[in-house]
Structure formats: structure tokens, C-alpha cells
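See structure below.
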Amino acid sequence: MYKKIICAGFGGQGIMVMGKLLARAAMDEKKEVVWMPSYGAEVRGGTAHSKVVISDTQIASGLFLKPDDCIIMNRPSFLKFENLVAKGGTVIINSSLINDELKREDVKVIRIPATETAGELGNSKVANMVALGAYQGVSGLVSLNSLCDALKLVLPLHRHGLIDINIQALKKGAELVNECSS
Amino acid sequence: MSDKDKKVLITGNEVIAEAAIRAGCRFYAGYPITPQNELTAYMSRHMPEAGGVFIQAESELAAISMVFGAACVGERALTSSSSPGISLKQEGISYLAGCRLPAVIVNMSRGGPGLGNIAPGQADYFQSTRGGGHGDYRTIVLAPNCGQEFFDLTRLAFDLADEYRMPVLILGDGVLGQMAEPVKLKPGIKYEPAHQKKEWALTGNKTGKPKIIRSLYLGQGVLEKHNLELKKLYDKIEQEDVRSESFYVDDSEVVLVAFGISSRICKKVMQEARKEGVKVGMIRPITLWPYPYEIISRAAAKKVKFLVVEMNMGQMIEDVKLAVGGKAEVHFYGRTGGEMPQEKDIMEKIKQVIK
């Protein structure tokens, strides 16, 4: 297994944390991982993405241009990455902020109202975790437990009060996917 | 940190900071610049926790001068920056070298010249390996290529700096600095106050014999004598502290030569090429000064062709050519201005070289 994933959105949506949580969970499941952030000079409001590679064997450079799977949280990122995702890949789309349809037959598209769902849970900032939970549900790349356990390692101490709502959001995202596919 | 022996997922920038603290470094001064800010940020939180001093200086020059001061009193001291900031620090680095003071300087290099951009680059090779500032001097240059090596070589950098009493440079790039990988954090050494082990350090004169740290040597022949002593030191380092890694050099038609992040891309290319039956090997210098001339020279005698891959317009290739001494073909593939070499392009170049 050698999986390249991009999490994309705008600065402030927790795009870095999303990728790092996925990488950390995979690492705890004894996988090789690399996490790579990408953002411009502006941190909040600008486009941002993080890249994650998860592999059974040693990762050479960890650098790539085309992801296998993509989690897309806003429209500018959708326009940037919609055509880059590899054939046969999975695309999670935050339908709360992206109305566009992905006009490709060769990828699996999952539309999740991540921002709305997060709002219903009581904190729209956990939209990233709803989307990541959905990706977990559809890919099974790491277990939901590993993601939940990794939160305390990835979030800084002063954010540990938010672990519960992040766990709820991850679980809700996974549930939404199961509802979509059943 | 409680997770002493477990692996952590940590960026290159952060792991250098953690490794420095564990190596007994208790003084850090820096000035913000992308792509090395995570190092300064990590230090701002963790250095005070370790009982050390963290200073966000008013400029790069101030930061290196503060490091100079800390080195004078024998403390293990660190500063870090990225390309334009490292240029500003050169005056201080030259003074450290002249005064025989140990210190560690980190350069997470980016695109240049001038302000360039904030993307990864390897265009500071000349500056790093030829002293960098004014005068007849060298700095040891360590070029790690992964998180674990950042940890291990940071410890080594402090040890070498103390052993030889000279500045040591760790040369990374924007990708290696910002990328997070699993790293095993090894236990730290016990911090010892400098006056217990560095007899030259200016920690108060208890013997009556003056201790002088200076780089100004006036008078006929005095500076030359100092320069020749430095030369003797550099010769010894060239004999004893060359580090490199080689793959399949004895069974190759083309040998890639690359350091840092480029070497990781090249390693992948090498593996893929060998699967296709193309005999590709690799030499990765880990110390850029002293340079592994001998390893390359030995490979040159075996009729291989060299392909040097760098993220600049061709800098390390000059050292490869020096080592080869005209005995083998030396080719070059590079991307510059913050761009990364792609695997397929390197592969394409290998095929051209073989023809």
C-alpha cells in the first residue's frame, strides 16, 4: 500500500491538523508516514493544503503532485484539485461550501455537508473532522479509534478541552458516509 | 517530554530544536523567517521549560552576535534562519571561526538570490561550503535528509563544534524543515555548566592567567600563524570527519550524486531504475564540508558516469568534478528557484546519459 492524500481548504479550517491527525493515526497503526504542509505567506484565509503519504514500506521522498484521494473543504481548492486526483481515487467534498458537481466518472465522489454538520454539533470549526471522519468511513485506511486516540497527540495541550467535540465530529462524519452508501 | 523513547510525528524544524535542547544547548537566539519559523516557535516554548534562554532578537545579526556571546562563556548555543537571513549572519560566523568558538547554525534554505521565495532550495551550497563570510576559514556542513537524521546530526553538530571549537552548519531546505516524519527521540545528555569542561571559556578568572578570545591579530606574521593553525585543524577534519552514504556504486553504469531532499528523490529514482534493469547507483554526501572526494574519486576509477542532481543551477557539481579529476563523465540535472526535481525527469536524464 502506498497512498497519497491531499487535504485542502482555506487557512483556519484546520487543514494542517486534518492531515497531521491522519498521518499520526496511521503511524500508530505501524505504517510509514510523511506529512507536508503547504500554505502561502498568509495563514488565515488563504488557500492551504496538507499532503500525507501512508505506506507499508519506507517512503522515499514523500513528494507528489497528484493525490490518490482528496478531501476538499472549499471551492478554490475544488477548482485546484478536481482534475488532479488519480483515476480510481476518492474525493470527499464539503458540500456546505461547494455547490459545483465533479464532472468525472473515474473517481468516487462523496458529498458531505461538513460545515453544516459541524454547526449542528455546536462548533463549525470541527468541519474538518466531519470530513476526515467521512474519509475514514469510505476508505477504512485507518481505524476510527486510531484517529480519536491521535487527537491528544496532535492537538496542543491548550486545545485538549475540544477533544470530545472533535471525536463526535469524526464519528458523525463516518456515520454520514455509511448512510450515504447504504 | 514524557515520550522519551517512543516515536513522535514531528517536523524537521521542531526536531532540530528538541535535539538541541537534549544535546545540552541552553541558548537560542533567532529572528523569524519562513520556512524555519517552527524551529523558533518550538524554542520559544521549550527552551524556557528546559531552564535555558530563548531570545527573539531584533535582527539576524543580533541573533548571531548573541550566540557569539553565549559561546564565549562556553554555552552550547544555536541560531537558525533561512537563506537571506543566513547571509546576514555571515559576519558573526566569520568571527566565530576566527575566535575558535563552537556554535551551531541552521539554514533551512529557500529560493534565491535576494529575497527569492519561500519554497525549498539548495542554492546556498557555495556559501555553506566555502566558509560563507570573509577570511580564510571553513565551517563543518551537515546535510541531513530525513527527520531522524535531523535529530541525530543536531547532536553530532554540537559535539563536533565543541571538539574542534568552530561553527558547524546544518543545511536543510524548506521541505525538510516543514515535513513531519516519525522520529525516535533519544534521551538527552545531562546539562553541565561550561566552566566545568571548557577551560578557555570566559567564566570568571580564578587562576590569575588571562583568557583572551579574539579574531584580531595585528603584528608581523601573527595572523598567518593563526591561519596556519586553523588550516591544520581543517586538514584533520578532512581526514577524520567525512561522512557519506553509497548505494550500488560497484554495480552501476550511472551514479547519482545528491544531498538533502534531492537525495531522497534520487534514491526513489535509483530503486525504480534498478527494477527496470538500469544500473543506477548513488552517493550521498552527508558532510558537504569536508566533502567525500575520495569515495567519488574511487567510483570514477571504475568507469561509471556521474549525474549530479541539485536544486540549483550547478554548485556541488564543482566538487564532484574536482573528485573525478577528468577521469569520468560528469552530467548535471537541476531545478532552481524553489522548484523540485521530478522523478520522471531525472529518469529521462539518466537515459540520455547512458546513450
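Below, read A as the first sequence line, B as the second, and so on, with proteins coming before strands; counting in each chain starts at 1.
- Only the side chain of Glu38(B) comes within less than 4.5 Å of a heavy atom in chain A; its backbone stays farther off.
- With salt bridges taken as basic N to acidic carboxylate O contacts below 4.0 Å, none links Glu49(B) and Arg45(B).
- Contact detail for Phe259(B) and Pro285(B): the closest heavy-atom pair is CB-O, 3.8 Å.
- Between Asp345(B) and Lys349(B) there is no salt bridge, since no side-chain nitrogen of the basic residue lies less than 4.0 Å from a carboxylate oxygen of the acidic one.
- Across Ser263(B), Ala180(B), Pro35(B), the residue that shares the most heavy-atom pairs under 4.5 angstrom with chain A is Ala180(B).
- No part of Lys51(A) comes within reach of chain B, as not one of its non-hydrogen atoms sits under 4.5 angstrom from that chain.
- With salt bridges taken as basic N to acidic carboxylate O contacts below 4.0 Å, none links Arg264(B) and Glu245(B).
- With a 4.5 angstrom heavy-atom cutoff, Val269(B) does not touch chain A via any of its atoms.
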> After noting the C-alpha distance and the side-chain angles of Asp173(B) and Arg110(B), does the key distance pass the salt bridge (charged side-chain N to carboxylate O under 4.0 Å, His left out) rule?
Replying inline: CA-CA 6 Å; Asp173(B) 64 71; Arg110(B) 59 188 239 184; over 6 Å; no
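- The contact between Ile261(B) and chain A is made entirely by side chain atoms (from C-beta outward), counting heavy-atom distances below 4.5 Å.
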